[in-house]
Trainee: 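My questions all concern the structure below.
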Amino acid sequence: MAQRLVVRRLLSLTPRTLPSQGSLAPHAPPAPPGRAFGSSASCRSTFNVQDGSDFQDRVVNNPKPVVVDFHAQWCGPCKILGPRLEKMVAKQEGKVLMAKVDIDDHTDLAIEYEVSAVPTVLAMKNGDVVDKFVGIKDEDQLEAFLKKLIGA
């Protein structure tokens, strides 16, 4: 009986009384002109590696230092480290980039860079691995790792 009342009530609403899609969030400010979703600093400085040639182009051939996060969806520590590392990279304001490599999707890269456990994080400069760690680090340790990489 209650279901019928709800259905009748919904059916009795006219289109002008239903909220339009644009008014679902009436207090949300419009996006500034020329800006798209996902344009925050963390989105610009962090990217997912698509394949081997993408890794070559965006990591190995990149003039900026790049932190490479080898992770897996099933890895609990990776789920803790990933966001923490992204936050720390975003704080560097573009001085360093972060590439995320899922080892299940890119086994060839994991083998090439001798990743035997996840999370494994490489620091790369001019196409060379200059530093590396395996496992979780706290924010202070990550900050020191990044500062060493960018030379600050």
Trainee: Same cluster or not: Val60 versus Ile103, using hydrophobic residues (I, L, V, M, F, W, Y) connected whenever any side-chain heavy atoms lie under 4.5 Å apart?
Mentor: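 Looking at the clustering, Ile103 is in the same group as Val60.
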
Trainee: For Val121 and Val67: C-alpha separation, side-chain torsions, deciding distance, then whether side-chain contact (heavy atoms from CB on, under 4.5 Å) applies.
Mentor: CA-CA 7 Å; Val121 177; Val67 173; 3.4 Å; yes

Trainee: Looking at every non-hydrogen atom in both residues, tell me the closest pair between Ile150 and Pro65 and how far apart they are.
Mentor: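 Of all heavy-atom pairs spanning Ile150 and Pro65, the closest is CG2-CG, 4.1 Å.
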
Trainee: Any salt bridge (charged side-chain N to carboxylate O under 4.0 Å, His left out) pairs touching residues 58-80, not counting sequence neighbours?
Mentor: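 Sorted result for residues 58-80: Asp54-Arg58.
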
Trainee: Please assess Leu97 against Asn62 for the test side-chain contact (heavy atoms from CB on, under 4.5 Å), listing each intermediate value before the final yes or no.
Mentor: CA-CA 9 Å; Leu97 302 175; Asn62 203 316; 3.1 Å; yes

Trainee: What pairs meet the disulfide (SG to SG under 2.5 Å) rule with one or both residues in residues 83-141, with sequence neighbours excluded?
Mentor: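 Qualifying pairs: none.
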
Trainee: Got a second to check how far Ser45's OG is from Lys95's NZ, nearest 0.5 Å?
Mentor: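 So the gap between those two atoms works out to 12.5 Å.
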
Trainee: Once you round to the nearest 0.5 Å, how far does NZ of Lys91 lie from CG of Leu146?
Mentor: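 Between Lys91 NZ and Leu146 CG, I get 10.5 Å after rounding to 0.5 Å.
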
Trainee: So which atom in Gly135 and which in Leu81 form the shortest heavy-atom distance, rounded to 0.1 Å?
Mentor: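 Heavy atoms only, the tightest pair is O-CD2, 3.7 Å.
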
Trainee: Is the shortest heavy-atom distance from the side chain of Leu109 to the side chain of Val49 under 4.5 Å?
Mentor: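 Contact flag for Leu109/Val49 side chains = yes.
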
Trainee: In sequence, state the C-alpha distance, the side-chain angles, and the governing distance for Val134 and Phe70, and then conclude on side-chain contact (heavy atoms from CB on, under 4.5 Å).
Mentor: CA-CA 10 Å; Val134 178; Phe70 285 93; over 6 Å; no

Trainee: Which side-chain hydrogen bond (donor to acceptor under 3.5 Å, both in side chains) pairs, counting each pair once, include a residue from residues 114-142, with sequence neighbours left out?
Mentor: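 side-chain hydrogen bond (donor to acceptor under 3.5 Å, both in side chains) check on residues 114-142 returns Lys87-Glu139, Asp131-Lys148.
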
Trainee: Does anything in residues 100-140 pair up under disulfide (SG to SG under 2.5 Å), and if so which pairs, sequence neighbours excluded?
Mentor: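 The answer is none; no pair qualifies.
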
Trainee: Is there a side-chain contact between Val96 and Val66 (heavy atoms, below 4.5 Å)?
Mentor: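 No - every pair of side-chain heavy atoms lies 4.5 Å or more apart.
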
Trainee: Only pairs at least two apart or in different chains count here, so list each disulfide (SG to SG under 2.5 Å) that has a residue in residues 51-80.
Mentor: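 Of all non-adjacent pairs touching residues 51-80, those that pass disulfide (SG to SG under 2.5 Å) are Cys75-Cys78.
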
Trainee: Test of understanding: with side-chain contact (heavy atoms from CB on, under 4.5 Å), list the residues that count as partners of Asn48, not counting sequence neighbours.
Mentor: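 Partners of Asn48 under the side-chain contact (heavy atoms from CB on, under 4.5 Å) test: Gln50, Lys100.
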
Trainee: Please list, chain by chain and in numerical order, all residues satisfying side-chain contact (heavy atoms from CB on, under 4.5 Å) with Asn61, sequence neighbours excluded.
Mentor: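 Asn61 satisfies side-chain contact (heavy atoms from CB on, under 4.5 Å) with Gln56, Asp57 only.
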
Trainee: Which residues pass the side chain to side chain donor-acceptor pair (under 3.5 Å) test with Asp51, not counting sequence neighbours?
Mentor: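 With sequence neighbours excluded, Asp51 shows a side chain to side chain donor-acceptor pair (under 3.5 Å) to Ser53, given in chain and number order.
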
Trainee: Do Val101 and Val68 have side chains that approach each other closer than 4.5 Å (heavy atoms only, starting at C-beta)?
Mentor: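 In short, these two side chains touch, coming nearer than 4.5 Å.
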
Trainee: Can you list every side-chain hydrogen bond (donor to acceptor under 3.5 Å, both in side chains) pair that touches residues 101-113, not counting sequence neighbours?
Mentor: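 Of all non-adjacent pairs touching residues 101-113, those that pass side-chain hydrogen bond (donor to acceptor under 3.5 Å, both in side chains) are Trp74-Asp104.
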
Trainee: Holding to side-chain contact (heavy atoms from CB on, under 4.5 Å), I want the full list of residues that pass it with Ile80, two or more places apart in sequence or in another chain.
Mentor: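 Arg84, Ile136.
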
